> 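One structure coming up, written as structure tokens, with questions to follow.
Since we're looking at a predicted model, the values are computed, not measured.
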Amino acid sequence: MSSNPVAQTVASLLPRAQAELAELVAFKSVADFTQFPKSESEAAASWIADALRAEGFVDVALLDTPDDTQSVYGYLPGPEGAKTVLLYAHYDVQPPLDEAGWTTPPFELTERDGRWYGRGAADCKGGVIMHLLALRALKANGGVPVNVKVIVEGSEEQGTGGLERYAEEHPELLAADTIVIGDAGNFRVGLPTVTTTLRGMTLVRVRIDTLAGNLHSGQFGGAAPDALAALIRVMDSLRAEDGSTSVDGLDATGTWDGLEYTEEQFRADARVLDGVGLIGDGTVADRLWARPAVTVLGIDCPPVVGATPSVHSSARALISLRVPPGVDAAEATKLLQAHLEAHTPWGARVATEQIGQGQAFRADAASPAYQAMADAMAVAYPGETMQYAGEGGSIPLCNTLAGLYPQAEILLIGLSEPEAQIHAVNESVSPEELERLSVAEALFLRNYAAG
């Protein structure tokens, strides 16, 4: 065990942290209330509010945000004249997908092979626990030297923007000198990493209609325009021959000049099957952190089981487009919609609808807070130097906070390293990463207060 008192305290608190994470993971807090009860999300929010009150937070509140979800806020006063740090996480999670694909139940935290498995264990209920561990360690070793605000979002995974709009309407609420976003991850287990860029995103739903109703494929197939076939043509137009994203008018030539990502390491992290090639060109880092990426998230069409011999009259798809820093998400949305309309064949009727959007983010890694974090990481990860990486995912709130508080320093850390397999089946968190990052966050708050 480390001789550092903060590290010793965090280590002693890990069993409690595991029990609390198990309680939090048990809530099926998917913020899509067509799939999961709203009461599950509300119960998770209440659990977090109670945990903050137990740690001495005041002004604890369940914020009803415009997207019909709740975010949890709390304030922990520090010494007079102290700096203010905002700690962020989110408690909503992705759906479990195919529950049959999970080795253990997705909403039951299970320890296996040195990791803790469960939906949200890393993304991002583990981030809530990380913040609590850091604060408890400081309280046990001289006290928390800064004012702390905590905000835990209830709809980050849905991209519906409730907390962003709430923050814009109440700009004083989340004001801070520095903001720590606990929703990123190390480049690999054991390598301390801060994320300095995030891709923005847009979600667009497209619908294609060709007929007044489905038709018998034997009687009409060959002349009747099939809406599903038209949709497949449109989806294919979004990628070049090598798999690169190819949206008309959208630049896809960006390059990344920071930490590199070897193809061998990426293949292992992404669990690419033997013999299957990667898509796109440029380096892996270029493709993940500096260029747009389109993904078809879902298609409404008949399943194979029970399908009938029909020419389809209508088909829908949900498309995600990630865009790198420097690309306006609103403009990318317009380009995507125009592309879908232009590439719809046979004069079919096409309608597009944007259902979510978030801007890309780039941090100022030269700020004093980054040095304070680097020093903290050096203690939490002996022998390692803090690295700077990009993140292909999106945290829409980051740009909102950067716009509201332009003088605030924003750092992104977290538990979503590649082995965590967030958003997939068998998501897990490394308890060692939880321990080390909690130590790092605690020491960062101490370093930052003294700086």
> Would you compute the distance between atom CG of Leu163 and atom CG of Leu397 and round it to the nearest 0.5 angstrom?
5.0 Å
> Look at the side chain of Thr344 and the backbone N and O of Ala348, then say whether any donor-acceptor pair between them is shorter than 3.5 Å.
no
> If the condition is side-chain contact (heavy atoms from CB on, under 4.5 Å), which residues does Ser41 pass it with, not counting sequence neighbours?
Ser29, Phe33, Tyr91
> Report the C-alpha separation of Cys301 and His312 in whole Å, then their side-chain angles, then the decisive distance to 0.1 Å, and conclude whether the side-chain contact (heavy atoms from CB on, under 4.5 Å) test is met.
CA-CA 9 Å; Cys301 61; His312 298 290; over 6 Å; no
> If we ignore angles and hydrogens, is there a donor and acceptor under 3.5 Å between the side chains of Glu432 and Ser430?
yes
> Grab the two heavy atoms, one from Val93 and one from Asp123, that are nearest each other, plus how far apart they are.
CG1-O, 4.1 Å
> Output yes when a side-chain donor or acceptor of Ser244 lies under 3.5 Å from a complementary backbone atom of Ala240, and no otherwise.
no
> For Gln354 and Thr202, run side-chain contact (heavy atoms from CB on, under 4.5 Å): C-alpha distance rounded to whole Å, both residues' side-chain angles, the deciding distance at 0.1 Å, then the answer.
CA-CA 7 Å; Gln354 183 193 49; Thr202 186; 3.3 Å; yes
> Please confirm whether the ring centroid of Phe187 lies under 6.0 Å from the ring centroid of Tyr261.
yes
> If only side-chain N and O atoms count, and only distance matters, is there a donor-acceptor pair under 3.5 Å linking Gln359 with Asp328?
yes
> Can you confirm whether the side chains of Gln18 and Glu111 place a donor and an acceptor under 3.5 Å from each other?
yes
> Give a yes-or-no answer on whether the side chains of Trp289 and Glu391 include a donor-acceptor pair shorter than 3.5 Å.
no
> Does Asp300 reach the main-chain N or O of Arg316 with its side chain, forming a donor-acceptor pair under 3.5 Å?
no
> Can Asp248 and His343 be counted as having a side-chain donor-acceptor contact under 3.5 angstrom?
yes
> Report yes if the side chains of Thr193 and Met386 come closer than 4.5 Å at any heavy-atom pair, otherwise no.
no
> Checking Lys83 against Tyr448: charged group under 6.0 Å from the ring centre and within 45 degrees of the axis?
yes
> Is any side-chain heavy atom of Leu14 less than 4.5 Å from a side-chain heavy atom of Leu434?
yes
> Could you tell me whether the side chain of Asp183 and the main chain of Cys124 form a donor-acceptor pair under 3.5 Å?
no
> Give the intermediate values and the outcome of side-chain contact (heavy atoms from CB on, under 4.5 Å) for residues Met377 and Ile413.
CA-CA 11 Å; Met377 292 283 202; Ile413 62 172; 3.9 Å; yes
> Looking at Asp67 and Gly162, would you say the former's side chain and the latter's main chain have a donor-acceptor pair under 3.5 Å?
yes
> Checking the side chain of Asn399 only, and the main-chain atoms of Ala360 only, is there a donor and an acceptor separated by less than 3.5 Å?
yes
> Kindly indicate whether the side chain of Tyr166, heavy atoms from C-beta on, has any atom under 4.5 Å from the side chain of Leu173.
yes
> Run the side chain to side chain donor-acceptor pair (under 3.5 Å) test against Asp59 and tell me which residues pass, sequence neighbours left out.
none
> Considering only heavy atoms from C-beta outward, does the side chain of Leu411 approach that of Ile179 to under 4.5 Å?
no
> Distance only, no hydrogens: is a donor on one side chain within 3.5 Å (strictly under) of an acceptor on the other, for Arg349 and Thr210?
no
> Is any side-chain heavy atom of Ile319 closer than 4.5 Å to a side-chain heavy atom of Leu340?
yes
> Looking only at side-chain N and O atoms, does Ser367 offer a donor or acceptor that is under 3.5 Å from a partner on Glu409?
yes
> Working to the nearest 0.5 Å, report the span between CD1 of Ile232 and CD1 of Ile208.
10.0 Å
> side-chain hydrogen bond (donor to acceptor under 3.5 Å, both in side chains) between Thr400 and Glu164: does it pass, once the steps are laid out?
CA-CA 6 Å; Thr400 299; Glu164 292 101 279; 5.0 Å; no
> More than 12 non-hydrogen atoms from neighbouring residues, nucleotides or ligands closer than 6.0 Å to NZ on Lys28, yes or no?
no
> Can any side-chain N or O of Lys149 pair as donor or acceptor with the backbone N or O of Ala175 at less than 3.5 Å?
yes
> Salt bridge check, Glu433 against Arg436: does any charged N sit closer than 4.0 Å to a carboxylate O?
yes
> Given Asn186 and Tyr381, is the side-chain hydrogen bond (donor to acceptor under 3.5 Å, both in side chains) satisfied, shown in steps?
CA-CA 12 Å; Asn186 286 343; Tyr381 291 83; 3.1 Å; yes
> Can you tell whether the side chains of Glu419 and Arg188 come within less than 4.0 Å, N to carboxylate O?
no
> Could you pull out the closest heavy-atom pair between Leu250 and Pro292, with the gap in Å?
CD2-CB, 3.7 Å
> Check this for me: does any side-chain nitrogen of one of Glu169 and Arg165 sit under 4.0 Å from a carboxylate oxygen of the other?
no
> Other residues, nucleotides and ligands only: do more than 12 of their heavy atoms fall within 6.0 Å of CZ on Arg233?
no
> CG of Leu52 to CG of Leu132: how many Å apart, nearest 0.5 Å?
6.5 Å
> Please check: side-chain N/O of Trp256 versus main-chain N/O of Leu259, any donor-acceptor pairing under 3.5 Å?
yes
> Assess, by modelled atom type and distance only, whether the side chains of Ser314 and Asp209 contain a donor and an acceptor separated by less than 3.5 Å.
yes
> For the side chain of Gln421 and the backbone of Ser416, is there at least one donor-acceptor N/O pair under 3.5 Å apart?
no
> Report the relative orientation of the aromatic rings in His90 and Tyr88; use parallel for angles under 30°, tilted for 30 to 60°, perpendicular for over 60°.
tilted
> Which heavy atom of Ser320 sits nearest to which heavy atom of Arg322, and what is that distance?
OG-NE, 3.9 Å
> Measure across Ala121 and Glu427 and return the closest heavy-atom pair with its distance rounded to 0.1 Å.
N-OE2, 3.4 Å
> Can you tell if the side chain of Val323 reaches within under 4.5 Å of the side chain of Arg199, non-hydrogen atoms only?
no
> Look only at the side chain of Asp269 and the backbone of Phe266, and say whether a donor-acceptor pair between them is shorter than 3.5 Å.
no
> Looking at Leu415 and Ala420, what are the two nearest heavy atoms and their distance?
O-CB, 4.0 Å
> Indicate whether the side chain of Gln70 and that of Asp64 have a donor and an acceptor atom separated by less than 3.5 Å.
yes
> Is the shortest heavy-atom distance from the side chain of Val189 to the side chain of Arg115 under 4.5 Å?
yes
> Assess the residue pair Met373 and Val194 against the criterion (side-chain contact (heavy atoms from CB on, under 4.5 Å)); give the C-alpha distance rounded to whole Å, side-chain angles, the decisive distance to 0.1 Å, and a yes or no.
CA-CA 9 Å; Met373 182 62 79; Val194 289; 4.1 Å; yes
> Could you tell me whether the side chain of Thr245 reaches within less than 4.5 Å of the side chain of Leu238, counting heavy atoms only?
no
> Roughly how far apart are Thr65 OG1 and His170 NE2, rounded to 0.5 Å?
11.0 Å
> Are Arg291 and Asp251 close enough for a salt bridge, meaning some N to O gap below 4.0 Å?
no
> Looking at every heavy atom in both Ala137 and Leu13, which two are closest together, and how far apart are they?
N-CD1, 4.5 Å
> Pairs in or reaching into residues 96-108: which pass side chain to side chain donor-acceptor pair (under 3.5 Å), with residues at least two apart or in two chains?
Thr104-Arg112
> Can you confirm whether more than 12 heavy atoms, excluding those of Gln407, are under 6.0 Å from its CD atom?
no
> Are the charged groups of Lys334 and Glu341 less than 4.0 angstrom apart, N to O?
no
